[in-house]
Number of protein chains: 2
Amino acid sequence: MKISSAESVIMEALWRKQPLTSEAIIAEVGEPNGWTEGTVKQLLSRLVKKKAVGATPDGRRYQYAPLVARGDYVAAESQGLLDRLFDGRLAPLVTQFSDAGKLSDQDIAELKALVERISK
Amino acid sequence: MKISSAESVIMEALWRKQPLTSEAIIAEVGEPNGWTEGTVKQLLSRLVKKKAVGATPDGRRYQYAPLVARGDYVAAESQGLLDRLFDGRLAPLVTQFSDAGKLSDQDIAELKALVERISK
DNA sequence: CTCCATCGATGACGTTTGTCAACGATGTGA
DNA sequence: TCACATCGTTGACAAACGTCATCGATGGAG
């Protein structure tokens, strides 16, 4: 099932630290996003129903933990963007950032080192 | 306004060739996506309302053309992904594809050439 | 044992999206 | 001129999404 934009905020919290109680999650993402307790609970429920998050009973409450790895999610999202906008190829994406002047010197240095390492 | 996923298919057609009549657009994207005439018309209407597409009267019909540049759209989408998933930095994104074994030799060669060019 | 706080479940509601059909205006061929 | 084909507009409707409140169960404090 697809993870929506608001839901992904919850996922990020869980990927950062896991497991968490709903209380902890609310503390983590409620304020920064202007969400009430009810909103976060609903998002959590939907994620559990989607099997993106697991809920382990712990006394009267649950401990929540991601069931999908961040890496898998990130890979799917990235591949999706690449396919949709760049014909599945990586170089044009990098070109796009370069052309847009969005690459810092550090970015370029990192890329350079990275390509060095990969290409051997 | 935000361009939805289905709407972006129409946009891609218009970015490829412009202007187009609704008939041409339907011919272009209808079949491949399993959309009826009505569906494409509705998507077009919404894009016009969103000011993402312009409609110039041409006799009894319109000539449709994009009002947003593909480059702007691509830049925004790419930046969004980078910010959401890679802390705004490009190198980790490239690493992700590398780690996932999604880079062909050609990709690597292109990247290498690209980085060469950029870094000077 | 009773009352209260808290948790998860559920209902609710407006908006967006995906999908399609019906309608009214209008140009055109017979 | 009249019937038909075609265009854009609009209505419709289910599903997903964003957002929030209410409710029933239950565990713990007094």
Side-chain angles (χ1 to χ4, degrees), chain A residues 1-14 18-68 73 76-77 80 84, chain B residues 1-14 18-68 73 76-77 80 84:
Chain A
M1 206 89 71
K2 192 85 183 84
I3 293 172
S4 81
S5 158
E7 286 162 1
S8 77
V9 173
I10 311 282
M11 295 303 294
E12 289 291 347
L14 285 172
Q18 127 205 189
L20 291 177
T21 63
S22 65
E23 187 191 1
I25 297 175
I26 291 167
E28 187 83 14
V29 306
E31 172 74 34
N33 293 91
W35 288 339
T36 70
E37 191 181 311
T39 299
V40 177
K41 284 184 184 177
Q42 175 65 284
L43 291 173
L44 252 179
S45 291
R46 288 180 184 166
L47 284 168
V48 170
K49 183 173 312 172
K50 287 184 185 181
K51 312 248 195 244
V53 163
T56 308
D58 173 26
R60 206 167 82 70
R61 48 171 76 190
Y62 285 130
Q63 294 288 345
Y64 295 96
L67 288 183
V68 307
Y73 175 75
E77 293 283 308
R84 275 195 308 119
Chain B
M1 208 89 73
K2 192 85 183 85
I3 293 172
S4 82
S5 160
E7 286 162 1
S8 77
V9 173
I10 311 282
M11 294 304 294
E12 289 291 347
L14 286 172
Q18 128 205 185
L20 291 178
T21 64
S22 65
E23 187 190 2
I25 296 175
I26 290 167
E28 186 84 12
V29 307
E31 173 73 33
N33 292 91
W35 289 339
T36 70
E37 191 181 311
T39 300
V40 178
K41 284 183 185 178
Q42 174 66 285
L43 292 174
L44 253 179
S45 291
R46 289 180 183 167
L47 283 168
V48 170
K49 183 173 313 173
K50 288 183 185 182
K51 312 247 196 246
V53 164
T56 308
D58 173 26
R60 204 168 83 69
R61 50 172 74 190
Y62 284 131
Q63 293 289 344
Y64 295 95
L67 289 184
V68 307
Y73 176 74
E77 292 283 307
R84 273 195 309 119

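Every chain is numbered from 1 and lettered A, B, ... according to where its sequence line falls, protein lines coming before strand lines.
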- Message: Does anything in residues 34-41 of chain B come within less than 4.0 Å of DNA chain C? Heavy atoms only, and list the residues if so.
- Response: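 Within residues 34-41 of chain B, the residues near DNA chain C are B:Gly34, B:Trp35, B:Thr36, B:Gly38, B:Thr39.
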- Query: In residues 48-59 of chain B, which residues come under 4.0 Å of DNA chain C by heavy atom?
  - Reply: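 Per residue number, the list reads B:Lys50.
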- Which residue, A:Arg60 or B:Arg46, contacts DNA chain D at a nucleotide closer to its 5' end, judged by nearest heavy atom?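 Closer to the 5' end of DNA chain D: B:Arg46.
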- Message: Between B:Glu23 and B:Gln42, which residue's closest nucleotide on DNA chain D lies nearer the 5′ terminus?
- Response: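 That would be B:Glu23.
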Taking atom [atom2] of [N] as reference, at what distance in whole Å does atom [atom1] of [X] sit?
X       : N      : atom1 : atom2 : answer
B:Lys2  : C:dT17 : NZ    : C1'   : 13 Å
B:Asn33 : C:dC20 : CG    : P     : 10 Å
B:Ile3  : C:dG18 : CD1   : P     : 12 Å
B:Glu7  : C:dT19 : CD    : P     : 12 Å
B:Tyr62 : C:dG27 : OH    : P     : 12 Å

- Item | Bounds of contact between DNA chain D and chain A, in 5' to 3' order, using a heavy-atom cut-off under 4.0 Å |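 The protein-touched segment is D:dC17 to D:dG27.
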Qualifying residues under side chain to side chain contact (heavy atoms under 4.5 Å, CB included), relative to [X], sequence neighbours excluded:
X       : answer
B:Glu77 : A:Leu81, A:Arg84, A:Leu85, B:Lys2, B:Tyr73
A:Ala27 : none
B:Ala76 : none

- Euclidean distance, B:Ser22 OG relative to B:Leu20 CG, rounded to 0.5 Å: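 Rounded to the nearest 0.5 Å, the CG-OG separation comes to 10.0 Å.
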- First locate atom CG of B:Leu14, then atom CD1 of B:Ile25, and finally report the distance between them rounded to the nearest 0.5 Å.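 It comes to 4.0 Å.
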- Query: Do any pairs count as a salt bridge (charged side-chain N to carboxylate O under 4.0 Å, His left out) and have a residue in residues 26-35 of chain B, sequence neighbours left out, and if so which ones?
  - Reply: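 Output for this query lists B:Arg16-B:Glu28.
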- Taking only residues at least two apart or on different chains, which pairs with a member in residues 48-57 of chain B satisfy salt bridge (charged side-chain N to carboxylate O under 4.0 Å, His left out)?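 Every salt bridge (charged side-chain N to carboxylate O under 4.0 Å, His left out) pair that includes a residue of residues 48-57 of chain B, provided the two are not neighbours, is B:Glu7-B:Lys50.
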Taking any heavy-atom pair under 4.0 Å as a contact, classify [X]: base, sugar-phosphate, or nothing.
X       : answer
A:Arg61 : sugar-phosphate
A:Thr21 : nothing
A:Ser22 : sugar-phosphate

With a 3.5 Å cut-off and sequence neighbours excluded, list the donor-acceptor pairs that the side chains of residues 55-64 of chain B form with protein atoms.
residue : atom : partner : partner atom : Å
B:Asp58 : OD2  : B:Gln63 : NE2          : 2.8

- Task: Give a yes or no on whether the backbone of A:Met11 and the side-chain of A:Ser8 come within a donor-acceptor separation of less than 3.5 Å.
- Result: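 No, the answer is negative, given that no donor and acceptor are paired below the 3.5 Å cut-off.
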- Message: Would you say B:Ser4 places a side-chain N or O within less than 4.0 Å of OP1 or OP2 belonging to C:dG18?
- Response: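 Answer yes for this pair, as a side-chain N or O of B:Ser4 is under 4.0 Å from OP1 or OP2.
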- Task: List the atom of A:Leu67, the atom of A:Gly54, and the distance in Å for their closest heavy-atom pair.
- Result: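 Heavy atoms only, the tightest pair is CG-N, 3.3 Å.
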Side-chain donor-acceptor distances from residues 34-45 of chain B under 3.5 Å, at least two apart:
residue : atom : partner : partner atom : Å
B:Thr36 : OG1  : B:Gly38 : N            : 3.3
B:Thr36 : OG1  : B:Thr39 : N            : 3.4
B:Thr36 : OG1  : B:Thr39 : OG1          : 3.3
B:Glu37 : OE2  : B:Lys41 : NZ           : 3.1
B:Ser45 : OG   : B:Lys41 : O            : 3.1

